[in-house]
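Ligands are counted one by one from 1 in listed order, and the atoms in each one are counted from 1 as well.
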Amino acid sequence: MKRTAIYPGSFDPLTNGHLDVIQRAAKLFDRVVVAVAVNESKHPLFTLAERVALVNKAVAHLPNVETDSFNGLLVEYAEARKAGTIVRGLRAVSDFEFEFQLALMNRKLDENIETIFMMPKDTYTFLSSRIVKEIARLGGNVSSFVPPNVQVALKKKLKV
Ligand code: ADP
């Protein structure tokens, strides 16, 4: 049986921290599906199609990683994709409380799906999509924080 993991998130946009988690998960599972959440309520900078395309290009070198999008309940999406595991990233203690709540809620909704947490390389623990967007907006260099295609897309989107 093939083991599939879902790595869900807004990915607005994908950062090197996300990519680090994806690469680690790809070593543990037969298939990793990076699932971009619609999340309209978060007013994303990039459209869903743009976020999916950015992830897709950045993971092209990883043969067992694919990109998809989803709307609605994550556990239902995971069931539909026949994935038994949800992967989430933990950067610092500050992530823990929310992630803990989310994982236990997902377990309440579906006992069969486990959540696992992965820690990124230490140099990525301070990275978030929000901070990357802020730096890019102010004209800062984000080349060490995001993959090259995301850097280009940020420049274009923010006209900096
Ligand atoms: P969400 O809106 O669901 O939090 P994000 O795209 O911000 O979506 O993050 C998706 C997942 O990746 C979350 O589990 C988040 O904690 C994790 N993550 C975000 N940035 C990093 C990073 N720099 N290193 C490791 N994990 C990260």
Can you tell me the protein heavy atom closest to [atom] and the distance?
atom                    : answer
atom 8 (O) of ligand 1  : S10 N, 3.0 Å
atom 2 (O) of ligand 1  : K42 NZ, 2.4 Å
atom 25 (C) of ligand 1 : P120 CG, 3.4 Å
atom 6 (O) of ligand 1  : F11 N, 2.9 Å

Based purely on interatomic distance, does [X] place a nitrogen or oxygen under 3.5 Å from a nitrogen or oxygen of ligand 1?
X    : answer
G89  : yes
S128 : no
S129 : no
L127 : yes
H18  : yes
R91  : yes

- Message: So which atom in R3 and which in D30 form the shortest heavy-atom distance, rounded to 0.1 Å?
- Response: N-OD2, 2.6 Å

- Task: Please work out whether any backbone atom (N, CA, C, O) or any side-chain heavy atom from C-beta onward of M119 is under 4.0 Å from ligand 1, and answer side chain, backbone, both or neither.
- Result: neither

- Task: Could you see which bit of Y7 sits under 4.0 Å from ligand 1, with heavy atoms only: side chain, backbone, both or neither?
- Result: side chain

Keeping [X] on the side-chain end and [Y] on the backbone end, is there a donor-acceptor pair under 3.5 Å?
X    : Y    : answer
R24  : P120 : no
K133 : D12  : yes
R91  : L127 : yes
R51  : A37  : yes

- Of T67, D68, V65, N149, which meets side-chain contact (heavy atoms from CB on, under 4.5 Å) against N56? T67

- Message: If the cut-off is 4.0 Å to any non-hydrogen atom of V21, which atoms of ligand 1 fall inside it?
- Response: 25 (C), 26 (N)

- Task: Compute the minimum heavy-atom distance from P8 to ligand 1 and say whether it is under 4.0 Å.
- Result: yes

- Would you tell me which option among R88, E99, M118 has the nearest heavy-atom contact to atom 4 (O) of ligand 1?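 The residue whose heavy atom sits nearest atom 4 (O) of ligand 1 is R88.
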
- Message: side chain to side chain contact (heavy atoms under 4.5 Å, CB included) for V32 and V87? Distances and angles first, verdict last.
- Response: CA-CA 9 Å; V32 175; V87 172; 5.9 Å; no

- Atom CZ of F145 and atom CD1 of I131: how far apart are they, to the nearest 0.5 Å?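 So the gap between those two atoms works out to 9.0 Å.
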
- Task: Working to the nearest 0.5 Å, report the span between CE of M118 and CG of D20.
- Result: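 Result: 8.5 Å between the selected atoms.
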
- Checking salt bridge (charged side-chain N to carboxylate O under 4.0 Å, His left out) for the pair E50/K156: CA distance, chi angles, key distance, verdict? CA-CA 12 Å; E50 288 169 339; K156 210 168 143 196; over 6 Å; no

